[in-house]
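Down below is the structure, laid out as structure tokens.
Just the heavy atoms: all of them, side chains too, but no hydrogens, waters or symmetry mates, feed the values below.
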Amino acid sequence: QVQLIESGGGLVQAGGSLRLSCAASGGTFSSHVMGWFRQVPGKEREFVAAIIRGGGSTYYEDSVKGRFTISRDNARNTVYLQMNSLKPEDTAVYYCAARTGVRLAMTWTEYDYWGQGTQVTVSS
């Protein structure tokens with residue numbers, strides 16, 4: 001059983017930056033594909049970014065490409081999401097997720113473990 005705890009959310013002005021962290025425990029972190037998703041009230045959870053087990057391959061949702069960077073430190077059992085040039089439409093609760101297996105996945109139903117979420121609010 002993998003436990004995930006996100007941190008780093010907050011309030012930022014448009015154009016600013018935030019770095020989200022997700023600390024994992026209770027499993028073999030390096031054996032999981034890691035992803036970030038976000039959700040606003042009334043909408044389905046949306047894929048943001050994913051990274052394979054070794055960190056050599058990543059994938060991003062189109063609206064965040066060039067602005068967000070996902071990375072992982074397997075020695076620290078932590079995955080990060082660096083968010084730059086933030087926009088008001090990036091406002092959401094951001095969730096960290098872990099998936100057993102080797103393939104990147106962009107659908108929330110393909111992930112096995114979830115954090116509790118961290119709120120990101122971007123003011124205009």
Side-chain angles (χ1 to χ4, degrees):
Q1 188 79 3
V2 176
Q3 291 83 43
L4 303 171
I5 300 178
E6 301 99 334
S7 61
L11 173 65
V12 64
Q13 288 189 329
S17 298
L18 282 174
R19 188 196 198 201
L20 305 183
S21 299
C22 173
S25 62
T28 305
F29 178 74
S30 60
S31 68
H32 291 83
V33 170
M34 300 300 296
W36 286 96
F37 289 75
R38 62 188 180 188
Q39 190 170 23
V40 298
K43 291 191 175 182
E44 191 165 303
R45 197 162 292 191
E46 175 188 45
F47 170 77
V48 176
I51 187 167
I52 63 170
R53 299 185 300 184
S57 181
T58 57
Y59 191 79
Y60 298 91
E61 193 268 331
D62 285 345
S63 70
V64 308
K65 283 181 182 176
R67 300 189 298 124
F68 291 11
T69 302
I70 187 172
S71 62
R72 65 191 295 163
D73 185 341
N74 286 346
R76 297 179 183 271
N77 292 348
T78 303
V79 62
Y80 305 96
L81 185 68
Q82 178 67 44
M83 304 186 295
N84 299 328
S85 303
L86 282 161
K87 304 175 181 180
E89 51 264 43
D90 294 318
T91 295
V93 176
Y94 282 71
Y95 296 91
C96 170
R99 179 179 185 277
T100 53
V102 299
R103 185 177 60 85
L104 287 175
M106 283 66 76
T107 306
W108 69 270
T109 54
E110 295 182 89
Y111 285 77
D112 303 298
Y113 306 101
W114 292 87
Q116 82 289 350
T118 185
Q119 176 70 46
V120 171
T121 303
V122 184
S123 63
S124 57

Task: Spacing of Gln3 atom CD and Asn77 atom CG [to the nearest 0.5 Å] - done: 11.5 Å

Task: Partner of Tyr80 under side-chain contact (heavy atoms from CB on, under 4.5 Å), chosen from Thr69, Ile51, Ile70, Asp73 - done: Asp73

Open item on the list: Counting C-beta onward and ignoring hydrogens, is there a side-chain heavy-atom pair between His32 and Arg53 closer than 4.5 Å?
Closed with: no

Task: Co-membership, hydrophobic cluster, residues Val33 and Trp36, 4.5 Å side-chain - done: no

Open item on the list: With clusters defined by side-chain heavy atoms of hydrophobic residues (ILVMFWY) lying less than 4.5 Å apart, directly or transitively, does Tyr59 cluster with Tyr95?
Closed with: yes

Task: Ring centers of Phe37, Phe47 separated by less than 6.0 Å - done: yes

TODO: Report yes or no: do Ile52 and Met106 belong to one cluster of Ile/Leu/Val/Met/Phe/Trp/Tyr joined by side chain heavy-atom distances under 4.5 Å?
DONE: yes

Task: Listed partners of Arg67 passing salt bridge (charged side-chain N to carboxylate O under 4.0 Å, His left out), at least two apart - done: Asp90

Task: Min side-chain heavy-atom separation Leu86-Leu18 under 4.5 Å - done: yes

Task: Reported CZ-to-OG1 distance for the pair Arg72 and Thr78, which is rounded to 0.5 angstrom - done: 10.0 Å

TODO: Considering non-hydrogen atoms only, spot the tightest contact between Asn74 and Gly54 and give its length.
DONE: ND2-CA, 4.5 Å

- [ ] Give a yes or no on whether the backbone of Gly9 and the side-chain of Thr118 come within a donor-acceptor separation of less than 3.5 Å.
- [x] yes

TODO: Would you mind reporting whether Leu20 and Gln82 have side-chain heavy atoms less than 4.5 Å apart?
DONE: no

Open item on the list: Run the salt bridge (charged side-chain N to carboxylate O under 4.0 Å, His left out) test against Asp112 and tell me which residues pass, sequence neighbours left out.
Closed with: none

Task: Residues clustered with Ile5, ILVMFWY side-chain links under 4.5 angstrom - done: none

TODO: Could you verify whether a donor N or O on one side chain and an acceptor N or O on the other, from Arg99 and Tyr111, lie under 3.5 Å apart?
DONE: no

Task: Reported CZ-to-OG distance for the pair Phe68 and Ser17, which is rounded to 0.5 angstrom - done: 9.5 Å

Task: NZ (Lys65) with more than 12 external heavy atoms under 6.0 Å - done: yes

TODO: Kindly check if the number of other-residue, nucleotide or ligand heavy atoms within 6.0 Å of CH2 (Trp108) is above 12?
DONE: no

Open item on the list: Do Phe29 and Met34 have side chains that approach each other closer than 4.5 Å (heavy atoms only, starting at C-beta)?
Closed with: yes

Task: hydrophobic_cluster_shared for Val93 and Trp114, side chain cutoff 4.5 Å - done: yes

- [ ] Drop me the distance from Glu89's CD to Ser63's OG, to the nearest 0.5 angstrom.
- [x] 8.0 Å

Open item on the list: Please check: side-chain N/O of Thr91 versus main-chain N/O of Val122, any donor-acceptor pairing under 3.5 Å?
Closed with: yes

Open item on the list: To check you understand the geometry: which heavy-atom pair defines the closest contact between Ala92 and Val40, and what is its length?
Closed with: CB-CG1, 3.7 Å

Open item on the list: Please give me the minimum heavy-atom distance between Glu110 and Arg103, naming the atom from each residue.
Closed with: OE1-NH2, 2.6 Å

Task: Minimum heavy-atom distance between Val2 and Gly27, given as atom pair plus value - done: CG2-CA, 4.1 Å

Open item on the list: Does any part of the side chain of Leu104, heavy atoms only, come nearer than 4.5 Å to the side chain of Ser57, both counted from C-beta?
Closed with: yes

- [ ] Please round to the nearest 0.5 Å and tell me the distance separating atom CD of Glu44 and atom CD of Gln39.
- [x] 8.0 Å

- [ ] Starting at CZ of Arg38, measure out to CG of Leu81 and round the result to the nearest 0.5 Å.
- [x] 9.5 Å

Open item on the list: Please find the pair of heavy atoms, one from Ala14 and one from Ser124, that lie closest to each other, and give the distance.
Closed with: CB-CA, 4.4 Å

